[in-house]
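A note on names: the letters A, B, ... follow the listed sequences, proteins ahead of strands, and every chain is numbered from 1.
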There are 2 protein chains.
Amino acid sequence: MNEGPDIAQIGALIGDPARANMLTALMGGKALTATELAAAGGITVQTASTHLAKLEAGNLLAQRKQGRHRYFTFADDSVGKFLESIMGFAAGRGHLRHKPGPKEPALRKARICYDHLAGDYGVRMLDSLIARGAIDAIGEGLALTENGENELKRIGIDVHALKSSRRPLCRSCLDWSERRAHLAGSLGKALLSNFLETGWARRTAESRSVIFSPEGERQFLALFPATK
Amino acid sequence: MNEGPDIAQIGALIGDPARANMLTALMGGKALTATELAAAGGITVQTASTHLAKLEAGNLLAQRKQGRHRYFTFADDSVGKFLESIMGFAAGRGHLRHKPGPKEPALRKARICYDHLAGDYGVRMLDSLIARGAIDAIGEGLALTENGENELKRIGIDVHALKSSRRPLCRSCLDWSERRAHLAGSLGKALLSNFLETGWARRTAESRSVIFSPEGERQFLALFPATK
DNA sequence: ACGATGCTTCGGTTAAGATCGAAGTATGAA
DNA sequence: TTCATACTTCGATCTTAACCGAAGCATCGT
């Protein structure tokens with residue numbers, strides 16, 4: 001015993017339902033205030049405050065003061081990535097919530113995974129990009145091809161700018177609902193931003209689901225045809 | 001709230017120190033009895049029994065009766081993979097144990113990560129394989145080259161047999177001590193087995209560390225030279 | 001300056017669950 | 001059959017921490 005990193009600590013941090021709900025709410029990618037997170041966790045602000053202090057002490061969250069509000073976000077990208085991987089693990093093991101609820105279908109169709117598109121549409125997009133040779137998939141790794149770089153430029157994505165960032169361009173992220181990979185990394189983020197900016201899709205206020213407009217959906221499906 | 005998989009459940013399962021220690025002990029790859037796991041967790045057998053029942057109900061562990069013993073192992077490969085990823089996450093966040101203990105250096109040098117080699121030597125091996133063009137690394141993905149396939153056959157690894165298995169041949173696994181990738185997948189497993197069978201190395205009884213013999217170490221270092 | 005809002009800290013209650021002793025079940029050995 | 005070993009179940013205790021009311025800071029608007 002007494003070997004290696006202390007996984008019990010982070011396990012305990014995630015293991016409380018209220019904290020888990022607050023973390024899940026942050027998967028939407030938006031910075032949220034303590035009050036908003038309290039609502040997400042179904043608890044009072046006092047209780048939320050102590051939870052948030054613990055999450056911050058555990059380096060899972062960071063806060064940014066702005067006026068009398070305190071905005072909480074993940075301490076860094078790896079937290080969101082890690083949480084999504086837990087969700088995949090949990091879903092694969094049948095650890096689903098008791099009541100699926102009416103929102104589930106929308107979540108499965110398209111949702112925000114911290115900063116990129118996940119769900120059925122996210123998986124479809126990556127599959128389609130691979131099928132047309134825009135992205136090479138080797139094992140779990142993804143690489144943008146020259147061909148793909150040109151295609152994305154045509155859509156209006158400045159691949160060159162993305163490449164200069166420290167963050168990896170393409171990363172695969174395991175989808176809890178589809179149990180297949182979707183596109184993460186700075187390119188995945190850029191694509192989602194693009195959809196939101198052009199009005200093809202919008203995020204909902206209280207949920208992580210992404211709603212496509214009729215026109216946006218048509219364009220999206222045409223741009224990323226089903227594979228086979 | 002009430003969205004998606006229930007991450008709180010598995011968080012809680014991992015969040016108890018006794019359970020975390022038992023799970024960590026199983027990272028050694030060997031099936032362990034309830035009594036052994038109780039010792040690893042620092043608790044009595046009664047308590048361990050209830051913990052093990054919970055872990056089994058949560059589909060993290062599976063048990064195999066054999067005479068009057070009950071051997072516990074991970075329910076499947078994904079559990080070990082997942083736990084190592086938590087360790088990487090925890091280590092990156094400074095969640096290390098309070099007292100490093102005397103075993104730590106050995107653990108950092110070479111240890112078993114469920115079924116393959118991790119630690120300094122594990123990272124060195126993968127780096128070396130990539131440097132000589134035996135393995136292609138694209139993003140987080142790894143692929144064995146034709147060149148590499150021939151080299152491994154020379155060492156005595158039946159790559160063809162490995163390819164026929166359902167499990168991916170090469171996978172990268174993030175190392176909590178080195179914070180870099182090492183080789184997992186069926187190839188990683190085969191390489192470790194090879195080292196153990198040829199007597200280059202042996203596993204210790206109570207720890208996850210892997211001890212190289214003087215001769216084995218010489219051979220290993222020659223076979224996988226440091227990159228730069 | 002004053003009140004309103006957002007959040008944190010303190011104190012006391014309560015509920016969950018980790019723990020172990022003791023008793024019960026199953027398997028193996030003598 | 002009888003005893004020993006391996007493990008589980010039961011029952012009771014006890015620690016931990018989640019929770020909220022109340023009070024205390026800090027910041028903004030007026």
Side-chain angles (χ1 to χ4, degrees), chain A residues 1-2 6-26 30-58 60-73 75 95 98 205-206, chain B residues 1-2 6-26 30-58 60-73 95 98 206:
Chain A
M1 80 190 93
N2 205 21
D6 196 348
I7 61 173
Q9 268 185 44
I10 42 160
L13 282 177
I14 298 169
D16 179 79
R19 282 196 290 263
N21 283 331
M22 292 194 283
L23 290 170
T24 304
L26 285 169
K30 286 187 253 190
L32 298 175
T33 66
T35 311
E36 288 169 324
L37 286 168
I43 48 180
T44 61
V45 267
Q46 308 95 292
T47 310
S49 182
T50 66
H51 282 311
L52 290 169
K54 284 179 190 175
L55 290 170
E56 201 181 352
L60 291 188
L61 296 186
Q63 62 167 295
R64 191 159 35 92
K65 290 185 63 168
Q66 209 163 93
R68 43 186 165 180
H69 295 276
R70 299 208 174 178
Y71 286 95
F72 288 85
T73 50
H95 285 263
H98 329 290
E206 289 303 320
Chain B
M1 76 188 99
N2 205 20
D6 195 348
I7 61 174
Q9 268 185 45
I10 41 160
L13 283 177
I14 298 169
D16 179 79
R19 282 196 291 263
N21 283 331
M22 293 194 283
L23 289 170
T24 304
L26 285 170
K30 286 188 253 191
L32 298 175
T33 66
T35 312
E36 289 169 325
L37 287 168
I43 48 180
T44 61
V45 268
Q46 308 96 290
T47 310
S49 182
T50 68
H51 281 313
L52 290 169
K54 284 178 190 175
L55 290 170
E56 203 183 350
L60 291 187
L61 297 186
Q63 63 167 294
R64 190 160 35 91
K65 290 186 64 168
Q66 208 161 92
R68 42 185 166 182
H69 295 277
R70 299 207 173 177
Y71 286 95
F72 288 86
T73 49
H95 285 264
H98 330 290
E206 288 302 321

Output the rounded distance in Å from CG (Leu55(B)) to P (dT8(D)).
12 Å
Nearest nucleotide by nearest heavy atom, which residue falls closer to the 5' end of DNA chain D, Thr50(B) or Arg70(A)?
Thr50(B)
Looking across every strand, which nucleic acid part, if any, lies under 4.0 Å from Ala18(A) by heavy atom: base, sugar-phosphate, or nothing?
sugar-phosphate
According to a strict under-4.0 Å criterion, is Lys54(A) in side-chain N/O contact with OP1 or OP2 of dA17(D)?
no
For Gln46(B) and dG11(D), give me the distance from atom CD to atom P, rounded to whole Å.
15 Å
What is the distance, to the nearest angstrom, from the CD atom on Glu36(A) to the P atom on dG6(C)?
10 Å
dA18(D) P sits how many Å from Met22(A) CE, rounded?
10 Å
Choosing from dA6(D), dT8(C), dT27(D), which nucleotide comes nearest the side chain of His69(B)?
dA6(D)
Could you please name the option among dA26(C), dC19(D), dA18(C) that lies closest to any side-chain atom of Ile43(A)?
dC19(D)
Check this one for me: any side-chain N or O of Arg19(B) less than 4.0 Å away from OP1 or OP2 of dA18(C)?
yes
Nearest whole Å is fine: how far is dA6(D) P from Arg68(B) CZ?
6 Å
Gap between atom CZ of Phe72(A) and atom CG of Leu52(A) - 0.5 Å precision:
4.5 Å
Heavy-atom check, side chain of Tyr71(B) versus side chain of Thr33(B), under 4.5 Å:
yes
Rounded to whole Å, how long is the line connecting atom CG of Leu32(A) with atom C1' of dG6(C)?
15 Å
Leu52(B) has an atom CG; how far is it from atom C1' of dT8(D), in whole Å?
11 Å
Rounded to the nearest 0.5 Å, the CG atom of Leu23(B) sits from the NE2 atom of His51(B) at a distance of 10.5 Å
Let me know the distance between NE2 of His51(B) and P of dT8(D), rounded to the nearest Å.
13 Å
